Structure formats: structure tokens, C-alpha cells
Asks: 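This is the structure I have questions about; it appears just below.
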Amino acid sequence: MGIYENAKRILSELPEGVELVTAAKTRTADEIKEAIRAGVKIIGENYLQEAERVFPQIGRVVKWHFIGAIQKRKVKKIVELFDVIETLGSEEIAFEIEKRATQQNKDIPVLIEINSGKEPQKSGIFPEDTVNFVEKIHNLTHLHIVGLMTMGPLVEDPEDLRPYFRLTRELFETVREKNIPNVKMRYLSMGMSASYKIAIEEGANIVRIGTLIFGPRKYK
Ligand SMILES: *Cc1c(COP(=O)(O)O)cnc(C)c1O
């Protein structure tokens, strides 16, 4: 099956209210365009340089979500290019996003990345620190918290991700119930090719899918 058919099938199978982020790392602009022809509305990129390479050939006919690790020196361009940042994981980066967004007079929606497996080598906020983190940055004027995102640990059986998805869903509810000003808990981004069905069962309304649309990656 080709990219077009794969994307069509997934789009038609997703329950109403669940949005597809097409994870496009390592893919060419032509491959991404084929997914867009099938109806894909959101492209996710992990690396600024890759996004800059394909963006001129695609433009703003889709929304661009940043889903990778954020380096401070790249924030200015990430804020310029992307519509949503899904991977906010530190105060330092939050303040840098605010600074750059203010300079660009741009409002930028962000999801907080939760390190739901509490893995020391991974980025993201530990579950128990989430409320505190939101309270520290909620009153920024150009950065707007709109939800949570998680990857979960690397596991053999995607079913083993369920507890991490559930934990992140519970955090999502906890933050939402606090009704913190300027915080709109609207998006819960969880699940990839192997795990998106489980993630949806656990409350995800954004799923990030690459391999199932484009086929196996050749590198990275
Ligand atoms: C690569 C990637 C995905 C998609 O992974 P697949 O297994 O190819 O579907 C989703 N989210 C993030 C953050 C990624 O880096």
C-alpha cells in the first residue's frame, strides 16, 4: 500500500474528535505531499532543519507541530515556523518561547511534554511536577498552554504503555479541574503507529503517526 492509501485509511478509521499528526521525520516533501493529498491536515517534525528543508515546498496549507527535543538556540526559528509546540519540557525553554513569540508578536499554543515513565535520560516534566510547572508559566502572554503530550517508555508490547497513557490522562484532568487562568486543557497527544489505538482508548485526541503512513524509516 502507498502513502496515499495508508493515510486515507487511518483518517477514515480515527474516531471523531481525534486528530492525526503525521510524523514526517526523514520523509521528503513529495512523500509528505502525498499524505496531504489524502487529507492530512497536520505535519509533525522533530528537527528544525528537516522542517526548513520541506517547508518551502509545502507551506501553510497544513498546520505544523513541533514534536522533537527543543534546543534553546533553535527556539526563535521554531516559533517562526511552527503553529503548535508539543514538547515543552522546561521553564528555561518556556521563557525563551515567550521571549521569541513576543518579539514576533505571535501567539503560540504549547503542549507540555510529560516524562510519564520518569526516565532520567528523557526530556519532559515528571508527573508530580506538572501542576507546579503549569502554575509557574501560566501567566505568560504569548505562550498558551493547551494540553499535554507524552511518549512513554520504549516497550516491546504496546499494551505496556497503557498505564503511562492513563497517568497522563489523569494529569490532564487534574490540571483542567484547577481552572488556571490562560490554561486551556484541550489536547492530549499520545500514541504512535504501534500504540495509537491504546492511546485513544485512554483518552488521546491527538495521535502522532509516521511509520504506518510512510513505511519503515531508513535512518534515525
Ligand atoms: C517518530 C515519532 C512519532 C511517530 O512514530 P511512528 O512509530 O513512526 O509512528 C511520534 N511521535 C514522536 C515524538 C516521534 O518522534
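Note that the coordinates shown come from a computational prediction; the quantities given were computed from them, not determined experimentally. Indexing begins at 1, ligand by ligand and atom by atom, following the structure's order.
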Asks: Would you tell me which option among Thr211, Val207, Asn46 has the nearest heavy-atom contact to atom 8 (O) of ligand 1?
Replies: Thr211

Asks: Can you sort out which atoms of ligand 1 are near Gly210, meaning under 4.0 Å from one of its heavy atoms?
Replies: 4 (C), 6 (P), 8 (O), 9 (O)

Asks: Nearest non-hydrogen contact with atom 2 (C) of ligand 1 belongs to which option: Arg217, Lys25, Arg208?
Replies: Lys25

Asks: Can you pull out the closest protein heavy atom to atom 9 (O) of ligand 1? Residue, atom name and distance to 0.1 Å, please.
Replies: Ser193 OG, 2.5 Å

Asks: Does any N or O in the side chain of Glu91 come within less than 3.5 Å of the main-chain N or O of Phe133, such that one atom is a donor and the other an acceptor?
Replies: no

Asks: Are any side-chain N or O atoms of Thr150 and backbone N or O atoms of Met190, one a donor and one an acceptor, separated by less than 3.5 Å?
Replies: no

Asks: Which of the atoms in ligand 1, numbered in the order shown and given with their element, are less than 4.0 Å from a heavy-atom of Ala23?
Replies: 3 (C), 4 (C)

Asks: Between CD1 of Ile67 and CD1 of Ile206, what distance do you get to the nearest 0.5 Å?
Replies: 10.5 Å

Asks: Mark the output for Ile209 as yes if a heavy-atom distance to ligand 1 is under 4.0 Å, and as no if none is.
Replies: yes

Asks: What protein heavy atom sits nearest atom 10 (C) of ligand 1, and how far off is it?
Replies: Met192 SD, 3.2 Å

Asks: Test salt bridge (Lys or Arg N to Asp or Glu O under 4.0 Å) on Lys41 and Glu19; report intermediate values, then the result.
Replies: CA-CA 9 Å; Lys41 299 275 185 279; Glu19 295 190 51; over 6 Å; no

Asks: So, the side chain of Asn115 versus the backbone of Lys122: is there a donor-acceptor pair under 3.5 Å, distance only?
Replies: yes

Asks: Output the list of atoms in ligand 1 that are nearer than 4.0 Å to some heavy atom of Met151, sorted by atom number.
Replies: 12 (C), 13 (C)

Asks: How would you list, by chain and number, every residue that makes a salt bridge (charged side-chain N to carboxylate O under 4.0 Å, His left out) with Lys8, sequence neighbours excluded?
Replies: none

